[in-house]
S.K.: 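What follows is a single structure, and I will ask about it in a moment.
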Amino acid sequence: MKTKRVWFFLVSTVIYMFLMSAAALASGSEQPGTVVDGSTLIQGSSSDCQVYLEEGADLDFGTPEITSDPVFPVLGSEQIVVDTGSGAASYGYYLASGGCGITRLQDNIARVDGHTDCYRQAEYVYLGLYMDRLENGSWHTVWYKDYSAQNVCSVSYAINVLVKPGYYYRIRAAHLAQTGDVREGNTSFTDGIPFGI
């Protein structure tokens with residue numbers, strides 16, 4: 001009788017380990033180190049990205065479709081900065097660089113920020129921020145914010161956003177500078193960071 005219990009225990013343990021391994025493989029798309037659509041899933045509490053103007057960058061940013069449960073800004077946390085200074089050009093005539101970032105403040109609050117920087121004043125400077133949540137192995141846009149200013153050298157935007165815990169999140173940004181017919185743009189995106197995982 002004792003031998004049957006031991007065998008039952010061993011077989012049960014092997015089956016349990018097999019099922020847990022299969023579950024881990026099935027959810028492997030959401031494990032740290034995995035790259036999903038260009039973003040690496042990391043264990044850190046923040047991720048930043050800085051890009052510089054590339055010739056021939058796709059400038060059709062469009063309006064994203066919210067494809068999942070939306071997230072919401074934390075009231076009173078919005079910060080907007082506009083700079084009307086100028087600098088020296090080394091690549092593009094107007095657009096110098098842009099970047100975005102995401103920081104985990106709490107398991108349900110993310111700090112989102114982005115900036116678009118120009119070498120000199122442009123008639124129109126644009127920053128679009130898009131928050132994506134990783135669900136079932138693919139990114140889904142859950143929040144976005146457009147910000148633009150006229151006759152400035154840079155714009156930056158930062159806000160705290162309430163998020164649904166238990167997921168990875170990343171930020172994508174669109175950067176654009178335009179004066180007359182000269183239109184320069186680029187995109188940036190962060191790695192994915194976990195919230196409440």
Side-chain angles (χ1 to χ4, degrees), residues 19-52 61-83 97-117 125-149 152 154-176 185-197:
L19 291 175
M20 293 308 291
S21 297
L25 288 173
S27 66
S29 64
E30 297 185 8
Q31 297 298 315
T34 303
V35 178
V36 180
D37 195 22
S39 292
T40 302
L41 305 184
I42 63 173
Q43 284 291 352
S45 62
S46 67
S47 178
D48 295 304
C49 177
Q50 178 76 21
V51 297
Y52 299 91
F61 303 126
T63 301
E65 178 183 343
I66 302 297
T67 59
S68 191
D69 294 333
V71 296
F72 301 98
V74 175
L75 296 177
S77 67
E78 185 175 60
Q79 293 181 343
I80 300 170
V81 178
V82 175
D83 179 15
S97 66
C100 59
I102 182 171
T103 301
R104 182 180 60 244
L105 300 179
Q106 295 179 14
D107 282 348
N108 68 335
I109 299 178
R111 179 71 171 173
V112 175
D113 63 83
H115 61 93
T116 299
D117 302 310
V125 179
Y126 171 84
L127 170 66
L129 291 172
Y130 308 85
M131 176 181 269
D132 296 334
R133 177 168 52 217
L134 183 62
E135 296 178 19
N136 299 319
S138 62
W139 294 107
H140 300 275
T141 302
V142 294
W143 175 86
Y144 75 97
K145 174 70 175 176
D146 294 298
Y147 185 74
S148 63
V152 297
S154 70
V155 295
S156 64
Y157 184 84
I159 192 167
N160 294 347
V161 177
L162 292 173
V163 299
K164 187 176 180 181
Y167 296 92
Y168 280 86
Y169 290 85
R170 74 171 180 180
I171 299 300
R172 292 179 295 121
H175 313 281
L176 175 70
N186 207 342
T187 58
S188 60
F189 58 91
T190 68
D191 288 328
I193 64 171
F195 284 79
I197 295 178

S.K.: Partners of Phe195 by ring pair (Phe, Tyr, Trp, His ring centres under 6.0 Å), sequence neighbours excluded?
M.R.: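 Expected list: Tyr169.
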S.K.: Over all heavy atoms of both residues, which pair between Pro165 and Gly196 is shortest? Give the atoms and the distance, please.
M.R.: CB-CA, 4.2 Å
S.K.: Just how far is it from atom CG of Asp107 to atom CD1 of Ile197, taken to the nearest 0.5 Å?
M.R.: 9.5 Å
S.K.: For a quick check under 3.5 Å, do His115 and Ser154 share a side-chain donor-acceptor pair by atom type?
M.R.: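 No, no side-chain donor-acceptor contact under 3.5 Å.
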S.K.: Return the set of residues passing side chain to side chain donor-acceptor pair (under 3.5 Å) with Ser45 (not counting sequence neighbours), or none when no residue passes.
M.R.: none
S.K.: How close do Asp146 and Gly128 get, heavy atom to heavy atom, and via which atoms?
M.R.: OD1-CA, 4.1 Å
S.K.: So how far is it from Leu134 CG to Ile193 CD1, rounded to the nearest 0.5 Å?
M.R.: 13.0 Å
S.K.: Side-chain donor-acceptor pair under 3.5 Å between Ser46 and Arg111, yes or no?
M.R.: no
S.K.: Using side-chain heavy atoms (C-beta onward) and a distance below 4.5 Å, is Thr190 in contact with Cys100?
M.R.: yes
S.K.: Do Arg172 and Asp132 make a side-chain contact, defined as non-hydrogen atoms from C-beta onward lying under 4.5 Å apart?
M.R.: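 A side-chain contact exists here, since the closest heavy-atom pair is under 4.5 Å.
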S.K.: Can you tell me how far apart CG (Leu162) and CG (Leu105) are? Round to the nearest 0.5 Å.
M.R.: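 The distance works out to 10.5 Å.
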S.K.: Are any side-chain N or O atoms of Ser97 and backbone N or O atoms of Asp117, one a donor and one an acceptor, separated by less than 3.5 Å?
M.R.: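 Here the side-chain-to-backbone pair does not exist.
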S.K.: Which heavy-atom pair separates Gly38 from Phe189 by the least distance, and what is that distance?
M.R.: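 Residues Gly38 and Phe189, closest heavy atoms: O-CE1, 3.1 Å.
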S.K.: Just verifying a value: how many Å separate Tyr130 OH and Trp143 CH2, rounded to the nearest 0.5 Å?
M.R.: 10.5 Å
S.K.: Would you name the heavy atoms of Ile171 and Gly101 that are closest together and state the gap between them?
M.R.: CG1-O, 3.7 Å
S.K.: How would you list, by chain and number, every residue that makes a side chain to side chain donor-acceptor pair (under 3.5 Å) with Ser39, sequence neighbours excluded?
M.R.: Arg170
S.K.: Begin from the C-alpha positions of Met131 and Val163 and carry the test side chain to side chain contact (heavy atoms under 4.5 Å, CB included) through to its verdict.
M.R.: CA-CA 10 Å; Met131 176 181 269; Val163 299; 3.8 Å; yes
S.K.: Identify the two heavy atoms, one from Val112 and one from Val161, that lie closest to each other, and give their separation to 0.1 Å.
M.R.: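 Smallest interatomic distance, heavy atoms only, reads CG2-CG2, 4.0 Å.
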S.K.: Examine distances only and state if a side-chain atom of Thr34 and a backbone atom of Leu41 form a donor-acceptor pair shorter than 3.5 Å.
M.R.: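 No; zero donor-acceptor contacts below 3.5 Å.
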S.K.: Compare every heavy atom of Gln31 with every heavy atom of Tyr168, then report the nearest pair and how far apart it is.
M.R.: OH-C, 4.3 Å
S.K.: Sub-3.5 Å donor-acceptor pair from the side chain of Asp191 to the main-chain atoms of Thr40, do we have one?
M.R.: yes
S.K.: Quick check: do Ile159 and Lys145 have side-chain heavy atoms less than 4.5 Å from each other?
M.R.: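 A side-chain contact under 4.5 Å is absent here.
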